[in-house]
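Reviewing the structure listed below.
Basis for what follows: all heavy atoms, side chains included, without hydrogens, waters or symmetry-related copies. Every chain is numbered from 1 and lettered A, B, ... according to where its sequence line falls, protein lines coming before strand lines.
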Amino acid sequence: MAASSKPGSPRPPPSSSSSMAQDLFNNFSFSKTLKLKTKQQELLIRVTVLTLIYILAFITRLFSVLRYESMIHEFDPYFNYRTTLYLTKNGFAEFWNWFDSESWYPLGRIIGGTLYPGLMLTAAALYWVLRFLRFAVHIREVCVLTAPFFASNTTLVAYFFGKEIWDSGAGIVAAALIAICPGYISRSVAGSYDNEGVAIFALLLTFYLFVKAVNTGSLAWALASAFGYFYMVSAWGGYVFIINLVPLYVLVLLVTGRYSLRLYVAYNCMYVVGMLLAMQIRFVGFQHVQSGEHMAAMGVFFLLQVFFFLDWVRHLLSDAKLFEAFLRITVTGAVSVGAIALGVGTASGYISPWTGRFYSLLDPTYAKDHIPIIASVSEHQPTAWSSFMFDFHILLILFPAGLYFCFKRLSDATIFIVMYGLTSMYFAGVMVRLILVATPAVCLISAIAVSATVKNLTRLVRSQSQAVQSGSSKGASTAKSSSKGVIDNSQPFQRNGAILLLLGAFYLLTRYAIHCTWVTSEAYSSPSIVLAARGAHGNRVIFDDYREAYFWLRQNTPPDAKVMSWWDYGYQITAMGNRTVIVDNNTWNNTHIATVGRAMSSYEDEAYEIMRSLDVDYVLVVFGGVTGYSSDDINKFLWMVRIGGGVFPVIKEPDYLVNGEYRVDKGAAPKMLNCLMYKLSYYRFGELTTEYGKPPGFDRARGVEIGNKDIKLEYLEEAFTTQNWIVRIYKVKPPKNRW
Amino acid sequence: MARSTSKDAQDLFRALWSAYSATPTNLKIIDLYVMYAVFTALIQVVYMAMVGSFPFNSFLSGVLSCVGTAVLAVCLRIQVNKENKEFKDLAPERAFADFVLCNLVLHLVIMNFLVG
């Protein structure tokens with residue numbers, strides 16, 4: 001290492017990573033033959049690392065494609081897939097004005113006006129580009145791989161964002177961390193064709209462009225951030241986070257005295273142009289001027305005008321006393337006008353209050369009491385510590401360390417990332433699903449911690465070794481080496497300690513990578529529509545019952561048949577079974593869902609009346625008693641009762657419980673043993689032996705022998721049961737002849 | 001008491017007027033444009049108060065185009081003003097080009113929003 005520096009030559013800039021890299025390169029003769037300068041070597045390393053990270057982010061999400069097949073997962077992605085299919089077949093105008101009569105029978109759904117079109121348009125655009133280049137891909141393949149592609153793009157944005165906040169080293173670490181972080185992977189595996197796959201990219205892009213605009217004060221960057229915001233609004237309902245975080249950030253900057261004219265330029269351009277662009281999405285409509293959730297942005301907009309107007313007047317007036325008088329008049333006037341406007345707007349109902357979805361973030365107990373549908377979704381439950389550890393691993397301990405570094409070097413950009421990190425972590429604690437929004441912030445802040453620590457340690461190792469090697473013969477060429485030379489005598493183990501700590505950091509990061517890959521492989525790569533288990537001999541057993549049932553529906557029922565099921569399966573039935581459903585995952589009409597819930601919880605004759613009124617031809621239930629599958633309808637049944645009982649007081653939850661306990665065996669409540677859901681799930685189940693040594697009718701999911709084995713159906717008949725009894729379809733019999 | 005406050009107000013007004021007269025002409029032209037845009041917005045609001053707000057998207061696009069172009073003009077004024085230390089590296093031609101670009105995007109969106 002000493003041979004590479006000539007005596008008396010100026011030392012390379014104190015970027016220990018580049019000098020380490022130079023040494024590493026000089027150990028290989030490759031770079032010597034190419035005669036690359038230090039800066040070019042660094043650029044080559046950076047580009048190579050980023051390319052590897054890009055590829056890594058893509059391939060780590062491909063587990064389920066390799067293990068099963070290239071298919072769409074879960075429930076919501078099937079709706080997105082169906083709409084994308086419609087878009088590519090019928091064009092944009094038809095898609096934008098689509099009224100779907102195949103769901104929510106008999107109400108229908110205005111799809112064009114009630115969805116976020118960003119994801120579908122992105123996938124369709126990719127599909128058309130590939131087709132134009134003569135790649136004969138099917139739209140399903142494009143849909144399956146959209147999320148991993150955008151995850152790779154997110155790593156690039158994370159690199160630039162890290163570079164903007166701290167330096168390029170932190171950017172690279174951030175890109176590497178976010179490429180494999182399980183919090184992000186959970187919603188962006190191949191096959192998870194959902195809004196979040198594209199939305200996180202849009203979120204990070206918008207934040208990056210906005211921070212860039214605040215740092216440079218350029219209108220062009222602010223315009224770019226407005227377009228980023230437009231993309232975010234078109235992609236996901238979580239854009240409300242952006243439109244509230246950015247004004248909060250501006251407010252914090254104003255309060256801490258860090259305001260500048262660049263902030264004015266950046267926020268104003270982004271807000272006005274962004275708001276106008278956002279209103280082009282039909283689903284969002286006029287919410288930016290009418291909804292309580294968006295009022296913070298407008299308030300900060302007016303506050304900025306007043307603030308900078310006063311600043312300009314103070315600059316004009318040289319006399320302080322006159323200005324004070326002016327200040328008093330203007331401030332009282334502006335505050336009173338603002339308060340009156342807000343008060344009148346809220347009281348008259350023109351400014352609508354916060355919707356339940358977002359209000360339950362501020363008050364977590366709200367949904368349980370008032371909106372059972374929101375409370376019933378498993379993703380909306382509060383987060384346990386184990387989930388945090390599972391999704392973040394070492395980032396959880398690096399996050400406070402990164403916060404410390406950010407506070408040490410406060411700038412406009414670091415204040416932003418600190419605010420983003422803290423607010424998103426609060427929301428991640430309230431709702432499991434929002435760990436996804438916190439992931440980019442946590443990765444960036446942890447990257448700052450890692451990069452700064454590694455930099456300090458390697459600088460220690462470098463300067464220690466240089467001080468040792470160059471001896472004391474040189475005059476102090478840099479202050480650093482002289483200071484190191486001073487303490488060199490007193491702490492000879494400092495270099496060893498630094499090397500040890502570096503090895504420890506390397507070990508931590510390796511464990512992180514191993515954990516992330518394990519989590520991705522075990523937990524987040526299951527398609528949910530195809531179930532897998534281990535057989536008795538260790539062989540893998542695949543349960544493809546869902547698709548079996550949907551394709552049976554598609555091929556064996558009349559095209560205008562209406563299917564009633566619980567809302568979870570609506571999207572899948574319309575996408576794969578191609579039949580009209582009564583309710584689906586959009587859950588926009590609570591009364592309709594409650595009607596279905598009431599039908600499922602009633603006795604067979606009452607349920608038959610309800611089903612006749614809805615023109616139902618087939619009923620579909622999911623049953624896990626034979627396989628031990630625990631996400632079946634009997635386990636979800638209490639939510640059906642609660643939601644149904646919320647609208648129809650005739651359904652009372654205590655009727656189905658015994659001493660507050662939910663049972664299906666002999667000691668169960670009589671209403672439970674005779675309701676429609678019980679009958680449809682356990683019809684003919686009493687004759688089946690499911691486990692060796694247990695009596696017939698042993699329910700493997702609940703672990704009990706069922707109470708009512710002798711079930712007779714009067715108004716329905718069994719149409720189809722899948723191979724493992726997971727999906728059961730019943731036909732509703734027409735009314736009897738009158739005599 | 002009243003005489004001193006009115007005298008204060010007159011002093012304030014005169015000080016503001018004299019300080020403002022000292023600003024360069026190009027900035028005064030931009031200020032005139034801003035006043036014109038805000039005035040147009042006010043006229044539209046008054047008109048809406050008289051005839052009602054249907055169709056709301058047309059009203060919003062009209063008002064927001066005025067407010068938007070006023071705000072962009074203020075941004076231009078900030079970037080062109082020689083007294084602002086932060087923007088002394090920025091060429092006024094670049095500032096004007098940004099202004100034109102942003103206005104172009106703004107008015108394209110307005111035209112889309114005006115009708116449907």
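B:H107 contributes atom NE2, which lies 10.0 Å from atom CG of A:L276 (distance to the nearest 0.5 angstrom). The distance from the CD atom of A:Q280 to the OG atom of B:S61 is 9.0 Å, given to the nearest 0.5 Å. Here the CG atom belonging to B:L76 is positioned 8.0 Å from the CG atom belonging to A:L219, to the nearest 0.5 angstrom. We find the CG-NZ distance between A:L261 and B:K85 to be 11.0 Å, quoted to the nearest 0.5 Å. Within the model, atoms CH2 of A:W221 and CG of B:D98 stand 11.5 Å from one another, a figure rounded to the nearest 0.5 Å.
Under the 4.5 Å side-chain criterion, counting only non-hydrogen atoms from C-beta, B:V105 is in contact with A:L223. Contact check for A:V289 versus B:F56: side-chain heavy atoms found under the 4.5 Å cut-off. When side chains are defined from C-beta on, B:V71 does not count as touching A:Y267, because their heavy atoms never get closer than 4.5 Å.
Contacts with chain B were tallied for A:V273, A:T216, A:L277; A:L277 has the most, counting heavy-atom pairs under 4.5 Å. Of the listed residues (A:F227, A:Y264, A:Y271, A:F286), the one with the most heavy-atom contacts under 4.5 Å to chain B is A:F286. For the set B:L64, B:L90, B:L72, the count of heavy-atom pairs under 4.5 angstrom toward chain A peaks at B:L64. Options B:S65, B:C75, B:A19 differ in how many heavy-atom pairs under 4.5 Å they form with chain A, and the most are formed by B:C75.
The minimum heavy-atom distance between B:R94 and A:S218, with the atom names listed, is NH2-OG, 3.5 Å.
Counting non-hydrogen atoms of other residues, nucleotides and ligands closer than 6.0 Å to CZ of B:F54 gives a total of 12 or fewer. No more than 12 heavy atoms of other residues, nucleotides or ligands lie within 6.0 Å of CZ in A:F302, so this atom counts as exposed by the packing criterion. Counted within 6.0 Å of CD1 on B:I43, heavy atoms from surrounding residues, nucleotides or ligands total more than 12; the atom is thus considered enclosed. Annotation: B:K82, atom NZ; neighbour count of heavy atoms from other residues, nucleotides and ligands within 6.0 Å does not exceed 12. More than 12 non-hydrogen atoms from other residues, nucleotides or ligands lie less than 6.0 angstrom from OH of B:Y20.
For A:F301, the part lying under 4.5 angstrom from a heavy atom of chain B is the side chain only. Only the side chain of B:I78 comes within less than 4.5 Å of a heavy atom of chain A; its backbone N, CA, C and O stay farther away. In this structure, the portion of B:N84 lying under 4.5 Å from any heavy atom of chain A is its side chain and not its backbone. Residue B:I110 touches chain A through its side chain alone, counting heavy-atom pairs closer than 4.5 Å.
The backbone N or O of A:G217 lies less than 3.5 Å from no partner atom in the side chain of B:E86, so there is not a single donor-acceptor pair.
Partner of A:M279 under the side-chain contact (heavy atoms from CB on, under 4.5 Å) criterion, out of B:N112, B:L60, B:V109, B:N57: B:L60 alone.
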